[in-house]
Amino acid sequence: MGEENQTYVNEFVFLGLSQDPETQVLLFFVFLIIYLLTVLGNLLIIVLIHIDSRLHTPMYFFFRNLSFAGLCFSTATVPQVLIHLLVKRKTIPFAGCSTQIVVLLLVGGTECALLAVMSCDWYVAVCKPLHYSTIMTHWVCVQLAIGSWASGVFVSLVDTTFTLSLPYRGSNIINHFFCEPPALLKLASADTYSTEMAIFAMDVVILLAPGSPILVSYWNIISTVIQMQPREGRLKVFSACASHVIVIVLFYGSAIFAYMRPNSKIMNERDKMISVFYSAVTPMLNPIIYSLRNKGVKGALMRITVK
(Lines give C-alpha, C1' and ligand atoms only; values in the text may rest on other atoms or scores of the structure.)
Protein backbone atom coordinates (compact mmCIF):
# COMPACT_ATOMS: atom_id res chain seq x y z
CA MET A 1 0.00 0.00 0.00
CA GLY A 2 1.41 3.43 -0.90
CA GLU A 3 2.18 6.02 1.72
CA GLU A 4 -0.56 8.28 0.40
CA ASN A 5 -3.16 5.65 1.36
CA GLN A 6 -1.82 5.06 4.86
CA THR A 7 -3.78 6.60 7.71
CA TYR A 8 -2.12 8.72 10.35
CA VAL A 9 -1.30 7.06 13.67
CA ASN A 10 -3.83 7.96 16.39
CA GLU A 11 -2.17 6.03 19.23
CA PHE A 12 1.20 4.56 20.10
CA VAL A 13 2.06 1.23 21.70
CA PHE A 14 5.02 1.01 24.09
CA LEU A 15 7.16 -2.09 24.38
CA GLY A 16 8.09 -0.92 27.88
CA LEU A 17 11.08 -1.82 30.01
CA SER A 18 10.57 -5.59 30.02
CA GLN A 19 8.34 -8.28 28.54
CA ASP A 20 8.90 -10.72 31.40
CA PRO A 21 5.91 -10.74 33.83
CA GLU A 22 8.03 -11.34 36.93
CA THR A 23 10.44 -8.57 35.99
CA GLN A 24 7.51 -6.22 35.38
CA VAL A 25 6.18 -6.88 38.89
CA LEU A 26 9.62 -6.14 40.36
CA LEU A 27 9.91 -2.97 38.26
CA PHE A 28 6.45 -1.88 39.39
CA PHE A 29 7.51 -1.85 43.04
CA VAL A 30 10.84 -0.20 42.22
CA PHE A 31 9.16 2.61 40.30
CA LEU A 32 6.42 2.91 42.92
CA ILE A 33 9.03 3.44 45.66
CA ILE A 34 10.93 5.92 43.48
CA TYR A 35 7.76 7.88 42.73
CA LEU A 36 6.56 7.96 46.33
CA LEU A 37 9.97 9.20 47.50
CA THR A 38 9.97 11.79 44.71
CA VAL A 39 6.51 13.11 45.55
CA LEU A 40 7.03 13.12 49.32
CA GLY A 41 10.51 14.64 49.12
CA ASN A 42 9.67 17.42 46.66
CA LEU A 43 6.32 18.28 48.27
CA LEU A 44 8.00 18.42 51.67
CA ILE A 45 10.58 20.89 50.37
CA ILE A 46 7.93 23.06 48.70
CA VAL A 47 5.75 23.17 51.84
CA LEU A 48 8.63 23.75 54.28
CA ILE A 49 10.06 26.62 52.26
CA HIS A 50 6.62 28.17 51.90
CA ILE A 51 5.64 28.12 55.57
CA ASP A 52 9.02 28.80 57.25
CA SER A 53 10.05 32.46 56.92
CA ARG A 54 13.68 31.58 57.75
CA LEU A 55 13.86 29.76 54.42
CA HIS A 56 12.72 32.77 52.39
CA THR A 57 16.18 33.28 50.91
CA PRO A 58 17.50 33.09 47.32
CA MET A 59 18.95 29.60 47.77
CA TYR A 60 15.68 28.10 49.02
CA PHE A 61 13.70 30.06 46.44
CA PHE A 62 15.61 28.16 43.74
CA PHE A 63 15.27 24.89 45.70
CA ARG A 64 11.49 25.31 45.61
CA ASN A 65 11.49 25.90 41.85
CA LEU A 66 13.72 22.86 41.31
CA SER A 67 11.46 20.70 43.48
CA PHE A 68 8.37 21.78 41.56
CA ALA A 69 10.10 21.05 38.23
CA GLY A 70 11.24 17.63 39.45
CA LEU A 71 7.76 16.80 40.71
CA CYS A 72 6.23 17.70 37.32
CA PHE A 73 8.93 15.79 35.43
CA SER A 74 8.41 12.59 37.41
CA THR A 75 4.60 12.86 37.37
CA ALA A 76 4.61 13.18 33.59
CA THR A 77 6.20 9.74 33.18
CA VAL A 78 6.24 7.46 36.24
CA PRO A 79 2.47 7.05 36.89
CA GLN A 80 2.04 5.98 33.26
CA VAL A 81 4.94 3.52 33.64
CA LEU A 82 3.30 2.06 36.76
CA ILE A 83 0.02 1.50 34.92
CA HIS A 84 1.75 -0.03 31.90
CA LEU A 85 3.68 -2.44 34.11
CA LEU A 86 0.33 -3.92 35.19
CA VAL A 87 -1.36 -4.21 31.79
CA LYS A 88 -0.58 -6.25 28.72
CA ARG A 89 -1.25 -3.61 26.05
CA LYS A 90 0.66 -0.40 26.80
CA THR A 91 -0.94 2.34 24.70
CA ILE A 92 -1.12 6.13 24.71
CA PRO A 93 -3.23 8.33 22.38
CA PHE A 94 -1.41 10.67 20.01
CA ALA A 95 -2.73 13.67 21.98
CA GLY A 96 -1.47 12.14 25.23
CA CYS A 97 1.93 11.46 23.70
CA SER A 98 2.10 15.06 22.45
CA THR A 99 1.19 16.41 25.89
CA GLN A 100 3.83 14.24 27.55
CA ILE A 101 6.52 15.54 25.20
CA VAL A 102 5.51 19.17 25.82
CA VAL A 103 5.61 18.77 29.61
CA LEU A 104 8.85 16.77 29.68
CA LEU A 105 10.72 19.22 27.46
CA LEU A 106 9.36 22.23 29.36
CA VAL A 107 10.26 21.06 32.87
CA GLY A 108 13.42 19.29 31.69
CA GLY A 109 14.71 22.45 30.01
CA THR A 110 13.74 24.49 33.06
CA GLU A 111 15.62 22.11 35.36
CA CYS A 112 18.76 22.44 33.23
CA ALA A 113 18.62 26.22 33.54
CA LEU A 114 17.80 26.08 37.27
CA LEU A 115 20.82 23.86 37.99
CA ALA A 116 23.03 26.46 36.29
CA VAL A 117 21.38 29.31 38.22
CA MET A 118 21.77 27.44 41.51
CA SER A 119 25.46 26.82 40.86
CA CYS A 120 25.95 30.55 40.25
CA ASP A 121 24.02 31.35 43.44
CA TRP A 122 26.23 29.00 45.43
CA TYR A 123 29.33 30.53 43.82
CA VAL A 124 28.29 33.99 45.02
CA ALA A 125 27.50 32.65 48.51
CA VAL A 126 30.88 30.90 48.88
CA CYS A 127 33.22 33.17 46.91
CA LYS A 128 31.60 36.60 47.47
CA PRO A 129 29.77 36.28 50.81
CA LEU A 130 30.04 40.00 51.68
CA HIS A 131 28.31 40.99 48.43
CA TYR A 132 25.73 38.18 48.41
CA SER A 133 22.78 40.26 49.62
CA THR A 134 23.45 43.03 47.13
CA ILE A 135 23.97 40.67 44.16
CA MET A 136 21.23 38.10 44.81
CA THR A 137 18.35 40.47 45.46
CA HIS A 138 14.75 39.26 45.40
CA TRP A 139 14.14 40.85 42.00
CA VAL A 140 17.27 39.23 40.54
CA CYS A 141 16.12 35.83 41.82
CA VAL A 142 12.65 36.30 40.33
CA GLN A 143 14.18 37.28 36.98
CA LEU A 144 16.49 34.23 37.01
CA ALA A 145 13.56 31.92 37.85
CA ILE A 146 11.38 33.44 35.14
CA GLY A 147 14.27 33.15 32.68
CA SER A 148 14.71 29.48 33.58
CA TRP A 149 11.05 28.66 33.02
CA ALA A 150 10.96 30.77 29.85
CA SER A 151 13.93 28.86 28.44
CA GLY A 152 12.08 25.59 29.15
CA VAL A 153 8.98 26.90 27.37
CA PHE A 154 11.04 28.02 24.38
CA VAL A 155 12.89 24.72 23.99
CA SER A 156 9.67 22.76 24.43
CA LEU A 157 7.88 24.88 21.83
CA VAL A 158 10.61 24.47 19.21
CA ASP A 159 11.32 20.76 19.76
CA THR A 160 7.63 19.84 19.99
CA THR A 161 6.72 21.80 16.87
CA PHE A 162 9.39 20.12 14.77
CA THR A 163 8.73 16.63 16.20
CA LEU A 164 4.94 16.66 15.92
CA SER A 165 4.90 18.30 12.47
CA LEU A 166 6.35 15.11 10.99
CA PRO A 167 3.92 12.56 9.52
CA TYR A 168 3.42 9.32 11.47
CA ARG A 169 1.65 6.86 9.17
CA GLY A 170 3.46 3.55 9.51
CA SER A 171 4.38 1.60 12.62
CA ASN A 172 3.03 2.88 15.94
CA ILE A 173 5.17 0.66 18.17
CA ILE A 174 7.67 2.59 20.33
CA ASN A 175 10.48 0.58 21.87
CA HIS A 176 10.46 2.80 24.94
CA PHE A 177 8.41 3.45 28.09
CA PHE A 178 7.35 7.06 27.50
CA CYS A 179 7.10 9.58 24.67
CA GLU A 180 10.11 11.76 23.90
CA PRO A 181 11.47 13.10 20.58
CA PRO A 182 14.38 10.62 20.06
CA ALA A 183 11.98 7.67 20.39
CA LEU A 184 9.24 9.25 18.29
CA LEU A 185 11.52 10.30 15.43
CA LYS A 186 12.28 6.64 14.74
CA LEU A 187 8.66 6.17 13.62
CA ALA A 188 8.38 9.23 11.37
CA SER A 189 7.31 8.59 7.78
CA ALA A 190 9.52 11.35 6.38
CA ASP A 191 13.12 12.54 6.46
CA THR A 192 13.95 13.71 9.99
CA TYR A 193 17.26 15.49 9.31
CA SER A 194 15.95 19.06 9.70
CA THR A 195 14.06 18.08 12.85
CA GLU A 196 17.15 16.43 14.32
CA MET A 197 19.22 19.55 13.58
CA ALA A 198 16.61 21.80 15.20
CA ILE A 199 16.49 19.58 18.29
CA PHE A 200 20.29 19.44 18.40
CA ALA A 201 20.46 23.25 18.29
CA MET A 202 17.98 23.52 21.16
CA ASP A 203 19.92 20.92 23.12
CA VAL A 204 23.10 22.96 22.72
CA VAL A 205 21.21 25.94 24.15
CA ILE A 206 19.63 24.13 27.10
CA LEU A 207 22.21 21.39 27.85
CA LEU A 208 25.66 22.65 26.86
CA ALA A 209 25.21 26.39 27.43
CA PRO A 210 24.25 26.01 31.14
CA GLY A 211 27.21 23.66 31.55
CA SER A 212 29.68 26.53 31.23
CA PRO A 213 28.49 28.54 34.26
CA ILE A 214 28.21 25.28 36.23
CA LEU A 215 31.82 24.33 35.49
CA VAL A 216 33.12 27.85 36.14
CA SER A 217 31.13 28.17 39.37
CA TYR A 218 32.27 24.87 40.83
CA TRP A 219 35.88 25.48 39.78
CA ASN A 220 35.88 28.81 41.63
CA ILE A 221 34.07 27.29 44.59
CA ILE A 222 36.66 24.53 44.91
CA SER A 223 39.51 27.03 44.53
CA THR A 224 38.02 29.17 47.30
CA VAL A 225 37.26 26.23 49.59
CA ILE A 226 40.85 24.96 49.38
CA GLN A 227 41.95 28.16 51.09
CA MET A 228 39.25 28.00 53.78
CA GLN A 229 39.94 27.53 57.45
CA PRO A 230 39.24 25.48 59.49
CA ARG A 231 39.59 22.07 57.89
CA GLU A 232 36.08 21.02 58.97
CA GLY A 233 34.62 23.87 56.93
CA ARG A 234 36.46 22.68 53.83
CA LEU A 235 35.22 19.11 54.26
CA LYS A 236 31.63 20.27 54.72
CA VAL A 237 31.61 22.33 51.52
CA PHE A 238 33.48 19.64 49.57
CA SER A 239 30.90 17.06 50.67
CA ALA A 240 28.03 19.26 49.48
CA CYS A 241 29.91 20.05 46.27
CA ALA A 242 30.51 16.37 45.51
CA SER A 243 26.81 15.57 46.08
CA HIS A 244 25.72 18.37 43.75
CA VAL A 245 28.15 17.27 41.06
CA ILE A 246 26.85 13.68 41.20
CA VAL A 247 23.26 14.84 40.59
CA ILE A 248 24.33 17.21 37.82
CA VAL A 249 26.40 14.52 36.08
CA LEU A 250 23.54 12.02 36.30
CA PHE A 251 21.00 14.47 34.88
CA TYR A 252 23.12 16.23 32.28
CA GLY A 253 25.10 13.13 31.30
CA SER A 254 22.05 10.97 30.66
CA ALA A 255 20.17 13.79 28.88
CA ILE A 256 23.15 14.59 26.64
CA PHE A 257 23.55 10.91 25.79
CA ALA A 258 19.87 10.63 24.87
CA TYR A 259 19.49 13.86 22.91
CA MET A 260 22.90 14.88 21.55
CA ARG A 261 24.02 11.94 19.47
CA PRO A 262 23.16 10.81 15.94
CA ASN A 263 19.63 9.44 15.75
CA SER A 264 19.52 5.68 15.37
CA LYS A 265 16.53 3.81 14.04
CA ILE A 266 16.91 1.30 16.86
CA MET A 267 16.15 2.02 20.54
CA ASN A 268 18.05 -0.51 22.64
CA GLU A 269 17.81 -1.45 26.32
CA ARG A 270 20.77 0.77 27.23
CA ASP A 271 18.95 3.81 25.84
CA LYS A 272 15.92 3.03 27.98
CA MET A 273 18.03 2.60 31.11
CA ILE A 274 19.69 5.98 30.46
CA SER A 275 16.22 7.56 30.21
CA VAL A 276 15.34 6.15 33.64
CA PHE A 277 18.05 8.31 35.22
CA TYR A 278 16.79 11.70 34.09
CA SER A 279 13.08 10.83 34.12
CA ALA A 280 12.83 9.07 37.49
CA VAL A 281 16.08 8.89 39.48
CA THR A 282 17.28 12.52 39.49
CA PRO A 283 13.83 13.97 40.45
CA MET A 284 14.01 11.64 43.47
CA LEU A 285 17.61 12.58 44.34
CA ASN A 286 17.27 16.36 43.94
CA PRO A 287 15.37 17.03 47.22
CA ILE A 288 17.65 14.65 49.11
CA ILE A 289 20.92 16.08 47.82
CA TYR A 290 20.03 19.76 47.56
CA SER A 291 17.58 20.25 50.41
CA LEU A 292 16.94 17.47 52.93
CA ARG A 293 20.67 17.27 53.75
CA ASN A 294 20.68 21.04 54.21
CA LYS A 295 20.96 22.42 57.76
CA GLY A 296 18.28 25.06 57.19
CA VAL A 297 15.75 22.53 55.90
CA LYS A 298 16.51 20.13 58.74
CA GLY A 299 15.94 22.94 61.22
CA ALA A 300 12.62 23.88 59.58
CA LEU A 301 11.51 20.26 59.68
CA MET A 302 12.39 20.01 63.37
CA ARG A 303 10.48 23.20 64.17
CA ILE A 304 7.41 21.88 62.34
CA THR A 305 7.48 18.43 63.98
CA VAL A 306 7.89 19.71 67.56
CA LYS A 307 4.88 22.04 67.30
Side-chain angles (χ1 to χ4, degrees), residues 30-31 34-35 37-38 41-42 45 59 62-63 65-74 76-78 104-105 107-127 144 148 151-152 155 178 180-182 199-200 202-226 234-262 268-294:
V30 170
F31 274 88
I34 288 175
Y35 186 61
L37 290 175
T38 301
N42 285 292
I45 296 305
M59 178 175 65
F62 295 128
F63 280 167
N65 277 268
L66 184 69
S67 291
F68 181 70
L71 186 60
C72 292
F73 202 105
S74 183
T77 57
V78 180
L104 288 176
L105 291 175
V107 293
T110 299
E111 188 166 344
C112 288
L114 282 173
L115 288 173
V117 167
M118 290 169 64
S119 69
C120 293
D121 173 68
W122 202 35
Y123 158 74
V124 177
V126 174
C127 302
L144 289 172
S148 297
S151 64
V155 170
F178 66 92
E180 61 176 345
I199 292 175
F200 182 82
M202 288 299 99
D203 293 341
V204 169
V205 171
I206 204 64
L207 286 173
L208 295 189
S212 299
I214 289 175
L215 290 174
V216 172
S217 295
Y218 280 105
W219 175 261
N220 283 284
I221 289 169
I222 292 172
S223 301
T224 301
V225 170
I226 289 175
R234 293 201 304 269
L235 292 176
K236 183 179 179 181
V237 179
F238 270 129
S239 175
C241 186
S243 301
H244 296 182
V245 169
I246 289 172
V247 173
I248 289 171
V249 169
L250 280 176
F251 183 76
Y252 272 91
S254 56
I256 288 172
F257 180 86
Y259 282 83
M260 300 197 67
R261 62 194 179 99
N268 55 42
E269 297 306 309
R270 179 189 59 184
D271 296 328
K272 288 190 276 188
M273 289 300 104
I274 291 295
S275 296
V276 170
F277 280 103
Y278 61 81
S279 65
V281 175
T282 54
M284 176 190 68
L285 292 178
N286 280 339
I288 298 172
I289 298 299
Y290 281 102
S291 303
L292 295 178
R293 296 174 70 248
N294 184 278

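- Glu180 is listed as a side-chain neighbour of Ser275, based on a closest heavy-atom distance under 4.5 Å.
- Among all heavy-atom pairs drawn from Ile34 and Ala280, the shortest one is CG2-O, 3.5 Å.
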In sequence, state the C-alpha distance, the side-chain angles, and the governing distance for Val78 and Phe178, and then conclude on side chain to side chain contact (heavy atoms under 4.5 Å, CB included).
CA-CA 9 Å; Val78 180; Phe178 66 92; over 6 Å; no
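- Shown here are the side-chain contact (heavy atoms from CB on, under 4.5 Å) partners of Val245, two or more places apart in sequence or in another chain: Tyr218, Cys241, Val249.
- In this structure, Phe68 places its CZ atom where only 12 or fewer heavy-atom neighbours from other residues, nucleotides or ligands lie under 6.0 Å away.
- With contacts defined as side-chain heavy-atom distances shorter than 4.5 Å, the pair Pro181/Leu105 qualifies.
- Heavy-atom minimum distance, Asn42 versus Ser67: OD1-CA, 3.1 Å.
- Taking OG1 of Thr282 as the start and CD1 of Ile246 as the end, the distance is 13.5 Å to the nearest 0.5 Å.
- Considering all non-hydrogen atoms of both residues, Tyr278 and Phe73 come closest at O-CE2, 3.1 Å.
- The CG atom of Leu66 sits 12.0 Å away from atom CD1 of Ile289, with the distance rounded to the nearest 0.5 Å.
- Of the inter-residue distances, the one linking Thr38 atom OG1 with Ile288 atom CD1 reads 8.0 Å to the nearest 0.5 angstrom.
- No side-chain heavy atom of Phe63 sits less than 4.5 Å from a side-chain heavy atom of Pro287.
- Looking only at distances, no side-chain donor or acceptor of Ser74 sits under 3.5 Å from a matching main-chain atom of Gly70.
- Among residues at least two apart or in separate chains, side chain to side chain donor-acceptor pair (under 3.5 Å) pairs with a member in residues 111-123 are Glu111-Asn286, Asp121-Tyr132.
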Result block: side-chain N/O donor-acceptor pairs under 3.5 angstrom for residues 206-214, not counting sequence neighbours:
none

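- Of the inter-residue distances, the one linking Ser151 atom OG with Leu114 atom CG reads 7.5 Å to the nearest 0.5 angstrom.
- Summarising the geometry of Leu104 relative to Ala76, their closest heavy-atom pair is CD2-CB, 3.8 Å, with the distance given to 0.1 Å.
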Output, in order, the C-alpha distance, side-chain angles, deciding distance and verdict of side chain to side chain contact (heavy atoms under 4.5 Å, CB included) for Phe31 and Val276.
CA-CA 10 Å; Phe31 274 88; Val276 170; 4.1 Å; yes
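- We find the CE-OG distance between Met118 and Ser148 to be 10.5 Å, quoted to the nearest 0.5 Å.
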